[in-house]
K.L.:
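Quick one: the structure is below, questions incoming.
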Protein chains: 2
Amino acid sequence: MSAPVEVPLKDAYKLLTHGPTVLVSSAHGDARNVMTAAWNTVLDFDPPKLVVVVDKHTYTRGLIEASGELVVQVPTRDQAALAYALGNESGRDGDKFARHGITTFAGSKVGAPLLEGCHAWLECRVIPEPHNQQTYDLFIVEVTAAWANPAVYRDGRWLDAPEQPGSIHHVAGGAFFEAGGMFSVAGETLG
Amino acid sequence: MSAPVEVPLKDAYKLLTHGPTVLVSSAHGDARNVMTAAWNTVLDFDPPKLVVVVDKHTYTRGLIEASGELVVQVPTRDQAALAYALGNESGRDGDKFARHGITTFAGSKVGAPLLEGCHAWLECRVIPEPHNQQTYDLFIVEVTAAWANPAVYRDGRWLDAPEQPGSIHHVAGGAFFEAGGMFSVAGETLG
């Protein structure tokens, strides 16, 4: 793949506003993990914030709370089976990166690893909100750096490139919608 | 369209987990409104909860806070231009339903109107969380009833029906991704 290019923080919301299922990586000390999170949303533009739902029984949960950091990445269609597997295994049962042969690279702001081959990456720090975390498994994070594969996103927009694998949108039980064509209605008039 | 069929509350998450842009309707007294919200996510399974981001400058915000209710609906591809318009107008400038010729029907649990022609509808009550609402424009709601168009969702799943308009996923400035094909990886093996 092409080397990731940095996305200005003011544009970070464009990487997630369309609602893709994401991979959440985390690390603390020698421990690391990656899990899948369909339940996420952008929360604010600038500084960009996100909401990510992380169940309190996951291995990731402890790593996030201990480090105060995570990385949200947008997987490709080719990574759908991997995304499903990562969402149905626990890091307590062994290192998922090794099991799946996942290669990573380092971020610029956080210690959690970035997974190669994704569409986009958002390095985040947790904004501590204990009530939300305890009661709802709801984490509010601020994006501190963002990156995208220039083959699918550049100059402030996703490319309308049918040959690219689209983002994936989990429904339930391993069933996903694939992102189809991009279209614009900005010039359309209403009936 | 076919008459909406009720979706069991335990399945309500399946209507939104794939991350569509939604329409949020609200009402209080004689006032009503509908706005577009790309920033939303499922928060829990059962009882089902959602997160919806509603800016404090919107007309909808006051109606939601006064009534404690809202309806989240999943618009179709054919409603994309409408969704974009509803996200760029204010209910303070006149009734959006009348302006766009939107027809509605009544829900079973809330007073806010349900828009005809959508894929799915989730009637919701606000779980009051003043800190989240004030600081982040973040609303946590519980789904009290859910409905779907049986032409696109029935028996606990979205139909894989290419002839149906897909859900829409806003990126920015009137550019959307359309939900493409459904696929399952539950039987796929990893490399």
Side-chain angles (χ1 to χ4, degrees), chain A residues 11 13-21 38-44 49 51-53 77 80-85 99-101 127 129 131-132 135-138 140 156-158 160 166-191, chain B residues 11 13-21 38-44 49 51-53 77 80-85 99-101 127 129 131-132 135-138 140 156-158 160 166-191:
Chain A
D11 286 341
Y13 76 96
K14 297 179 185 175
L15 302 174
L16 287 184
T17 289
H18 64 299
T21 294
W39 294 354
N40 68 83
T41 182
V42 179
L43 180 61
D44 209 348
K49 297 187 194 75
V51 163
V52 185
V53 182
R77 169 65 182 89
L82 177 64
Y84 184 61
R99 183 183 309 144
H100 297 293
I127 298 175
E129 289 283 2
H131 169 67
N132 286 332
T135 307
Y136 300 113
D137 294 336
L138 184 166
I140 296 176
R157 61 187 304 273
W158 291 90
D160 185 9
S167 57
I168 57 175
H169 301 254
H170 194 229
V171 179
F176 290 83
F177 282 115
E178 181 173 13
M182 179 176 275
F183 63 94
S184 175
V185 298
E188 288 185 26
T189 51
L190 296 172
Chain B
D11 287 341
Y13 76 96
K14 298 179 186 176
L15 302 174
L16 287 184
T17 289
H18 66 297
T21 294
W39 294 354
N40 68 83
T41 181
V42 178
L43 180 61
D44 209 348
K49 297 186 193 74
V51 163
V52 185
V53 182
R77 169 65 182 87
L82 177 64
Y84 184 62
R99 182 184 308 144
H100 297 293
I127 298 175
E129 288 284 1
H131 169 68
N132 286 331
T135 306
Y136 300 113
D137 294 336
L138 186 165
I140 295 176
R157 61 187 303 275
W158 291 90
D160 184 9
S167 57
I168 57 173
H169 301 255
H170 194 230
V171 179
F176 290 83
F177 282 115
E178 181 173 14
M182 180 175 274
F183 62 94
S184 175
V185 299
E188 287 186 27
T189 52
L190 297 172

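In what follows, every chain begins at residue 1, and chains take the letters A, B, ... in the order their sequences are listed.
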K.L.:
For the residue pair B:G173 and A:A186, what are the closest heavy atoms and their distance?
P.N.:
O-CB, 3.7 Å
K.L.:
Can you tell which part of A:I168 gets under 4.5 Å to a heavy atom of chain B, answering side chain, backbone, both or neither?
P.N.:
side chain
K.L.:
Could you tell me which non-hydrogen atom of B:T17 sits nearest to which non-hydrogen atom of A:A38, and how far apart they are?
P.N.:
CG2-CB, 3.6 Å
K.L.:
If you count heavy-atom pairs within less than 4.5 Å of chain B, which of A:A172, A:G101, A:P20, A:G156 leads?
P.N.:
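The residue among A:A172, A:G101, A:P20, A:G156 with the greatest pair count is A:A172.
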K.L.:
From B:K14 NZ over to A:H170 NE2, what is the distance, rounded to the nearest 0.5 angstrom?
P.N.:
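Result: 10.5 Å between the selected atoms.
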K.L.:
Hey, could you give me the CG/CD distance between B:L138 and A:E129, rounded to the nearest 0.5 Å?
P.N.:
9.5 Å
K.L.:
Does any backbone or side-chain atom of B:L15 lie under 4.5 Å from a heavy atom of chain A? Answer side chain, backbone, both or neither.
P.N.:
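Contact with chain A is absent: no heavy atom of B:L15 under 4.5 Å.
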K.L.:
Under a 4.5 Å heavy-atom cut-off, does chain A meet the side chain of B:N132, its backbone, both or neither?
P.N.:
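For B:N132, the contact with chain A is made by the side chain alone.
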K.L.:
Can you tell me which portion of B:I140 sits under 4.5 Å from chain A's heavy atoms? Options are side chain, backbone, both or neither.
P.N.:
side chain
K.L.:
The test is ring-ring contact (aromatic ring centres under 6.0 Å, His included); show your working for B:H169 and A:H169 and say whether it passes.
P.N.:
CA-CA 10 Å; B:H169 301 255; A:H169 301 254; 4.8 Å; yes
K.L.:
Using the side chain to side chain contact (heavy atoms under 4.5 Å, CB included) rule, pick out the option among B:L43, B:D44, B:V51 that qualifies with A:V53.
P.N.:
B:L43
K.L.:
Can you see which heavy atom on B:H18 is nearest to which on A:V171, and at what distance?
P.N.:
CB-CG2, 4.2 Å
K.L.:
Measure up the B:Y13 and A:W39 rings against each other and bin them: parallel (under 30°), tilted (30 to 60°), perpendicular (over 60°).
P.N.:
perpendicular
